Peer 1: 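Can you keep this structure in mind? I'll have questions shortly.
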2 protein chains.
Amino acid sequence: MKGLNLTTQRKAVYDIVRNSNDHPTAAEVMNRLVEQGYNFAYGTVYNSLRYLTDKELIRELKLGESASRYDAKLDEHQHIICVSCGRVDEVMSSVPEDWKQAVAKETGYDVHHANVVFGGMCPQCLKKRTN
Amino acid sequence: MKGLNLTTQRKAVYDIVRNSNDHPTAAEVMNRLVEQGYNFAYGTVYNSLRYLTDKELIRELKLGESASRYDAKLDEHQHIICVSCGRVDEVMSSVPEDWKQAVAKETGYDVHHANVVFGGMCPQCLKKRTN
DNA sequence: TTTGATTTTAGAATAAGTATAAATCCTGAT
DNA sequence: ATCAGGATTTATACTTATTCTAAAATCAAA
């Protein structure tokens with residue numbers, strides 16, 4: 001591939017992001033690395049996450065929380081956060097094209113992309129609620 | 001009103017947010033306060049912004065940048081950021097109801113709200129571009 | 001196998017925001 | 001007016017997430 005240099009540390013970080021289904025933060029990636037017996041410098045984890053993001057092997061998610069999360073799912077999709085337990089799920093249903101066009105018309109912008117973060121109550125928390 | 005205590009500092013902060021059209025960050029609010037001859041503690045500015053947010057006089061915007069922005073426009077709306085110059089504009093066209101329903105169906109969530117941040121090129125930057 | 005480039009490391013630095021404790025300000029009952 | 005109690009402000013310390021830096025380690029190629 002186009003000059004991809006996957007060192008031990010980058011590979012380990014990539015594998016964690018790939019094999020996690022909960023969009024871990026840098027700190028969570030760090031914890032899981034330690035669980036697996038690695039002991040990389042904090043800066044290396046951040047560097048690796050940035051490198052992998054630049055190479056488009058993973059995506060950085062800014063969902064309005066204090067820390068960025070990372071996602072190895074690359075096809076265009078959005079996210080939904082449970083207001084009760086904080087879990088993050090994928091939303092595959094894509095932004096309606098005609099809405100994007102309406103926004104372009106309204107604002108005069110050439111609209112490149114949309115980042116959408118839904119908030120709501122996840123099925124599990126809905127069940128736990130008022131019974 | 002419902003126990004609203006607008007001190008000098010809170011009023012001054014509120015006025016700045018209200019009279020700005022660029023969704024200032026806390027640091028920008030601070031700068032504008034200094035320009036107006038005020039000299040409040042940093043903590044006071046943060047406290048005031050939180051107080052005003054709690055009282056629903058302003059809204060905190062988390063647009064995926066490092067710092068929160070503040071907006072005195074209260075009706076539901078979204079935002080668009082210029083990828084070239086960074087300016088932030090309002091998007092009044094609202095999230096299509098049927099899309100929200102599709103997302104609820106797909107995820108099983110009870111969808112409460114959606115935060116949308118569009119990215120694109122603003123009219124001014126479009127004009128400046130390749131001429 | 002020396003040289004140069006790249007990467008990792010440890011730790012310092014930064015940026016945004018929160019917590020804390022003392023000082024100040026307000027308000028309302030004596 | 002005046003004092004007590006609560007709320008607010010202030011200055012400063014702290015936290016969290018992340019980036020920067022400079023030295024050490026690793027790799028790759030001549």
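In what follows, every chain begins at residue 1, and chains take the letters A, B, ... in the order their sequences are listed. Note that the structure is a prediction, hence the values are computed from the model and not measured.
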Peer 1: Hey, are the side chains of B:Val17 and B:Leu52 touching, using non-hydrogen atoms and a 4.5 Å cut-off?
Peer 2: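 No, too far: nothing below the 4.5 Å cut-off.
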Peer 1: Counting any heavy atom closer than 4.0 Å, what does B:Tyr42 reach on the DNA or RNA strands: base, sugar-phosphate only, or nothing?
Peer 2: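 It contacts nothing in the nucleic acid.
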Peer 1: Is the ring pair B:Trp99/A:Trp99 parallel, tilted or perpendicular, if the boundaries are 30 and 60 degrees?
Peer 2: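 Because their plane-to-plane angle lies in the 30° to 60° range, the rings of B:Trp99 and A:Trp99 count as tilted.
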Peer 1: Please classify the nucleic acid contact of B:Thr25 as base, sugar-phosphate, or nothing, using heavy-atom distances under 4.0 Å.
Peer 2: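 No contact at all - B:Thr25 keeps every heavy atom at 4.0 Å or more from the nucleic acid.
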Peer 1: Is the phosphate of C:dT8 approached by A:Thr7 (side-chain N or O, under 4.0 Å from OP1 or OP2)?
Peer 2: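 So the side chain of A:Thr7 is within the cut-off, an N or O lying under 4.0 Å from OP1 or OP2 of C:dT8.
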Peer 1: So what does the secondary structure string of DNA chain D come out as, 5' to 3', with Watson-Crick or wobble pairs under 3.5 angstrom, [ ] for crossing and | for pairs with another strand?
Peer 2: ||||||||||||||||||||||||||||||
Peer 1: Please give, in whole Å, the distance from D:dT18 C1' to A:Phe40 CZ?
Peer 2: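 One finds 19 Å between C1' of D:dT18 and CZ of A:Phe40, rounded.
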Peer 1: Please check the phosphate of C:dA16 (OP1 and OP2 only) for any side-chain N or O of B:Ser68 closer than 4.0 Å.
Peer 2: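 Result: no.
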Peer 1: Give the rounded distance in Å between these two atoms: NZ of A:Lys11 and P of D:dT26.
Peer 2: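 After rounding, the gap between these two atoms is 20 Å.
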Peer 1: I'd like to know if the side chain of A:Glu28 and the backbone of A:Thr25 have a donor-acceptor N/O pair within less than 3.5 Å.
Peer 2: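 Such a contact is found between A:Glu28 side chain and A:Thr25 backbone.
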Peer 1: Could you check whether any side-chain heavy atom of A:Thr44 comes within less than 4.5 Å of a side-chain heavy atom of A:Tyr51, counting everything from C-beta outward?
Peer 2: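 The answer is no, as the side chains (C-beta and beyond) never meet within the 4.5 Å cut-off.
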Peer 1: Measure from NZ or CZ of B:Arg18 to the centre of the six-membered ring of B:Tyr14, then state whether that distance is under 6.0 Å and the direction lies within 45° of the axis.
Peer 2: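 Yes, B:Arg18 sits over the ring of B:Tyr14.
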Peer 1: Which whole-number value in Å describes the distance from B:Gln9 CD to D:dA7 P?
Peer 2: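 Nearest whole value for this atom pair: 17 Å.
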Peer 1: Tell me which residues in residues 14-22 of chain A lie within less than 4.0 Å of DNA chain C, going by non-hydrogen atoms.
Peer 2: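 Going residue by residue through residues 14-22 of chain A, none turns out to have a heavy atom under 4.0 Å of DNA chain C.
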Peer 1: Give me the residues of residues 44-53 of chain B where at least one heavy atom lies under 4.0 Å from an atom of DNA chain D, by number, or none.
Peer 2: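 When residues 44-53 of chain B is checked for heavy atoms under 4.0 Å from DNA chain D, the hits, listed by number, are B:Thr44.
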Peer 1: Within this structure, what is the CG-to-P distance between B:Asn31 and C:dA15, rounded to whole angstrom?
Peer 2: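 B:Asn31 atom CG is separated from C:dA15 atom P by 13 Å.
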Peer 1: Report yes or no: do B:Glu60 and B:Ser68 form a side-chain donor-acceptor pair below 3.5 Å?
Peer 2: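 Yes, because at least one side-chain N or O of B:Glu60 sits under 3.5 Å from a partner of the opposite role on B:Ser68.
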Peer 1: In this structure, how many angstroms lie between the P atom of D:dT8 and the CZ atom of B:Arg10, rounded?
Peer 2: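 Interatomic distance, CZ of B:Arg10 to P of D:dT8: 4 Å.
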